[in-house]
Each structure stands twice: as structure tokens, then as C-alpha cells.
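Notes to accompany the following structure.
All heavy atoms count here, side chains included; hydrogens, waters and symmetry mates do not.
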Amino acid sequence: MANTASFSRGDSFGCTWTWTPGAGEPADLLDTTITSDIQDRCGNIYALTVTIAEDGLSFTTNYTGDTSEWAVGQANWDIRFVFAGSPTTHSQQFRVVIADTVTKA
């Protein structure tokens with residue numbers, strides 16, 4: 001994924017990720033705790049729901065609430081991984097440009 005994405009507030013927000021383990025990383029995510037938040041330009045933090053696939057080789061991040069009140073502008077987003085027996089790590093930080101919708105009806 002590029003580290004910048006655009007999104008219209010009021011729309012559903014979610015993403016599917018594929019796990020490709022690097023050297024020394026677990027073969028799958030089944031024993032991993034994953035959390036993810038988005039922080040809008042006003043500092044509001046929105047927790048995403050993370051669902052790990054049954055095979056542990058992918059996961060989804062979804063916001064299940066209403067995004068229509070998210071602040072227009074740049075938001076920051078990352079993913080936190082807690083691997084069993086290993087230190088906590090974070091993804092790179094992603095930028096999400098939240099735009100107001102043009103068509104209202």
C-alpha cells in the first residue's frame with residue numbers, strides 16, 4: 001500500500017492486508033495481537049476493528065462507526081503488532097486525506 005490514501009468522510013473505511021513474514025518473523029499472525037487507530041487532524045482517535053483470517057496470512061482493518069464527523073484534512077494511521085514472545089512493533093505511518101463529499105443527495 002502506498003503510504004497516502006484518499007477517503008471521503010461519510011463513506012465506509014476499511015482495508016485488507018496480506019502478511020508476508022520477514023526474517024525472524026512468525027509464519028502467520030494467529031498468535032499476534034493487532035490493533036489500529038486513525039487520528040484525524042483535530043486529534044480525534046478512532047479505533048479500527050481488526051479481524052485476522054483463519055489461516056493467519058491476512059487481516060482486515062475496518063471502522064464500524066459513522067465517519068461523517070471525521071475532520072477534513074490529513075489523518076495519521078498505523079497498525080500495532082504484539083507478537084508472542086517478541087517486542088511490540090508498529091507499521092510505518094500511513095497518511096489518509098479525508099475529503100468532504102461533493103454529492104450529498
Side-chain angles (χ1 to χ4, degrees):
M1 176 178 184
N3 63 357
T4 302
S6 296
F7 162 74
S8 292
R9 69 178 182 169
D11 288 353
S12 300
F13 185 84
C15 191
T16 300
W17 304 87
T18 300
W19 175 249
T20 305
E25 294 179 330
D28 60 53
L29 298 169
L30 295 175
D31 293 324
T32 305
T33 301
I34 304 172
T35 54
S36 185
D37 294 328
I38 290 182
Q39 182 177 29
D40 70 16
R41 73 173 184 83
C42 291
N44 301 307
I45 295 177
Y46 302 95
L48 303 181
T49 299
V50 176
T51 305
I52 299 172
E54 288 183 21
D55 64 4
L57 298 177
S58 64
F59 64 97
T60 59
T61 52
N62 290 294
Y63 184 70
T64 58
D66 181 7
T67 65
S68 64
E69 297 300 318
W70 289 14
V72 171
Q74 180 177 291
N76 297 312
W77 174 26
D78 69 3
I79 303 168
R80 180 178 187 256
F81 299 88
V82 180
F83 299 106
S86 297
T88 298
T89 61
H90 290 81
S91 67
Q92 68 179 354
Q93 204 170 82
F94 306 106
R95 308 288 184 247
V96 179
V97 178
I98 300 171
D100 200 4
T101 56
V102 176
T103 304
K104 306 289 185 187

- Message: Looking at Glu69, I want to see if its CD is surrounded by more than 12 non-hydrogen atoms of other residues, nucleotides or ligands under 6.0 Å.
- Response: no

- Item | Residue pairs fulfilling salt bridge (Lys or Arg N to Asp or Glu O under 4.0 Å) with at least one residue in residues 85-102, sequence neighbours excluded | Arg9-Asp100, Asp100-Lys104

- Identify the two heavy atoms, one from Arg80 and one from Thr88, that lie closest to each other, and give their separation to 0.1 Å. NE-CG2, 3.5 Å

- Message: Give me the atom names and distance for the closest heavy-atom approach of Arg41 to Ala71.
- Response: CG-CB, 3.9 Å

Return all side-chain donor-acceptor pairs below 3.5 angstrom for residues 25-38, not counting sequence neighbours, or 'none' if the list is empty.
{"from": "Glu25", "atom 1": "OE1", "to": "Gly22", "atom 2": "N", "distance (Å)": "2.5"}
{"from": "Asp28", "atom 1": "OD1", "to": "Leu30", "atom 2": "N", "distance (Å)": "3.0"}
{"from": "Ser36", "atom 1": "OG", "to": "Trp77", "atom 2": "NE1", "distance (Å)": "2.7"}
{"from": "Ser36", "atom 1": "OG", "to": "Asp78", "atom 2": "O", "distance (Å)": "2.8"}

Can you list, pair by pair, the side-chain donor-acceptor contacts under 3.5 Å of residues 44-61, counting residues two or more places apart and other chains?
{"from": "Asn44", "atom 1": "ND2", "to": "Asp40", "atom 2": "OD1", "distance (Å)": "3.4"}
{"from": "Asn44", "atom 1": "ND2", "to": "Asp40", "atom 2": "OD2", "distance (Å)": "3.2"}
{"from": "Tyr46", "atom 1": "OH", "to": "Asp40", "atom 2": "OD2", "distance (Å)": "3.3"}
{"from": "Asp55", "atom 1": "OD1", "to": "Leu57", "atom 2": "N", "distance (Å)": "2.9"}
{"from": "Thr61", "atom 1": "OG1", "to": "Trp17", "atom 2": "NE1", "distance (Å)": "3.1"}

- Query: Parallel under 30°, tilted from 30 to 60°, perpendicular over 60°: which one fits the rings of Phe7 and Trp70?
  - Reply: tilted

- Spell out, as yes or no, whether a donor-acceptor pair under 3.5 Å connects the side chain of Ser6 to the backbone of Val97. no

- Item | From Gln93 atom CD to Ile79 atom CD1, the distance as rounded to the nearest 0.5 Å | 11.5 Å

